[in-house]
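Remember, it's a predicted structure, so these values are computed and weren't measured experimentally.
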Amino acid sequence: MNTTTEQKKNVIGVWPGLHYKDGQAALKFLTEGLGFVLVASYPGVAEGSVAHAELSWPTGGGIMVGSSDAKSEADEFSALADVPQSVYLVHDDPDSLIGRAIAAGAVVVRGLSDSDYGSRGFTVRDPEGNIWSVGTYAGEIPE
């Protein structure tokens with residue numbers, strides 16, 4: 001196997017992108033409330049705005065975040081800050097995470113529960129209305 005093929009195996013191929021009205025508050029919620037790790041953040045044109053941020057998820061993958069005021073003129077991505085979005089996160093111990101999310105401003109949509117398909121998890125709404133589901137179910141994607 002050549003180096004290029006080996007490198008491609010380690011690439012995360014899906015990066016959900018979320019846009020917020022208040023990018024700094026979003027970064028705080030995502031790191032303190034859900035446990036993402038801020039990897040990079042670049043300012044936009046407005047004071048405190050986020051042109052582009054990358055956050056890694058401890059078990060793999062990550063998300064990209066921007067704020068609607070990051071550019072001098074709105075574009076198709078800026079409008080996403082007005083539309084609730086939804087992301088599912090795989091976590092080994094959702095029981096330990098729900099309190100942290102609530103303390104950071106999340107509102108419980110579905111409390112901790114066990115599903116028919118073997119997952120344990122919960123769903124919360126972040127301060128800007130986005131839905132975050134967290135559970136032990138890791139999907140059926142073959143290796």
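Y88 and V108 are members of different hydrophobic clusters when ILVMFWY side chains are connected at heavy-atom separations under 4.5 Å. A continuous path of ILVMFWY side-chain contacts below 4.5 Å connects L38 to L89, so both sit in one hydrophobic cluster. Residues I102 and L97 fall within the same hydrophobic cluster, defined by Ile, Leu, Val, Met, Phe, Trp and Tyr side chains chained together at heavy-atom separations under 4.5 Å.
A donor-acceptor contact shorter than 3.5 Å links the side chain of N130 to the backbone of Q85. Side-chain atoms of S119 come within 3.5 Å of backbone N or O of Y137 as a donor-acceptor pair.
Of the inter-residue distances, the one linking S86 atom OG with W132 atom CH2 reads 9.0 Å to the nearest 0.5 angstrom. The distance from atom CG of L112 to atom CD1 of I98, rounded to the nearest 0.5 Å, is 4.0 Å. Between R120 atom CZ and S113 atom OG the span is 7.0 Å, to the nearest 0.5 Å.
Using a 4.5 Å heavy-atom cutoff, the side chains of L18 and M64 are not in contact. Side-chain contact between L27 and V50 is present, with heavy atoms from C-beta onward closer than 4.5 Å. A 4.5 Å side-chain heavy-atom check between S68 and H19 finds every atom pair outside the cut-off. Put simply, the side chain of L34 reaches to within 4.5 Å of the side chain of F29, judged on heavy atoms. Within the 4.5 Å cutoff, the side chain of L30 has heavy atoms near those of the I63 side chain. Counting only heavy atoms from C-beta outward, the side chains of T31 and V37 never approach each other to under 4.5 Å.
Looking at S133 and T123, their side chains do bring a donor and an acceptor atom within 3.5 Å of each other.
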Carefully, step by step, assess V109 and I131 under the rule side chain to side chain contact (heavy atoms under 4.5 Å, CB included). CA-CA 8 Å; V109 173; I131 303 294; 4.2 Å; yes

Where do E32 and R100 land on the side chain to side chain contact (heavy atoms under 4.5 Å, CB included) test, with the steps shown first? CA-CA 7 Å; E32 293 178 11; R100 182 176 169 175; 5.6 Å; no

Where do L80 and Y20 land on the side chain to side chain contact (heavy atoms under 4.5 Å, CB included) test, with the steps shown first? CA-CA 8 Å; L80 292 174; Y20 286 85; over 6 Å; no

For a side chain to side chain contact (heavy atoms under 4.5 Å, CB included) check, start with the C-alpha distance between H91 and S96, then their side-chain angles and the critical distance, and finish with the verdict. CA-CA 10 Å; H91 195 279; S96 70; 3.9 Å; yes

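Here the shortest heavy-atom pairing between G35 and P58 reads O-CG, 3.5 Å. The two residues A81 and E128 have their closest heavy-atom pair at O-OE1, 4.4 Å.
D114 CG: more than 12 foreign heavy atoms inside a 6.0 Å radius. Shown here is E47, whose CD atom has no more than 12 heavy atoms of other residues, nucleotides or ligands within 6.0 Å. Taking a 6.0 Å sphere around CZ of R125, one finds it holds 12 or fewer heavy atoms contributed by other residues, nucleotides or ligands.
Cluster note: V39 groups with no other residue, as no ILVMFWY side-chain heavy atom lies under 4.5 Å from it.
Ring planes of F36 and W57: tilted class, angle from 30 to 60°.
Qualifying side chain to side chain contact (heavy atoms under 4.5 Å, CB included) partners for D69, counting only residues two or more places apart in sequence or in other chains: A46, S49, S67.
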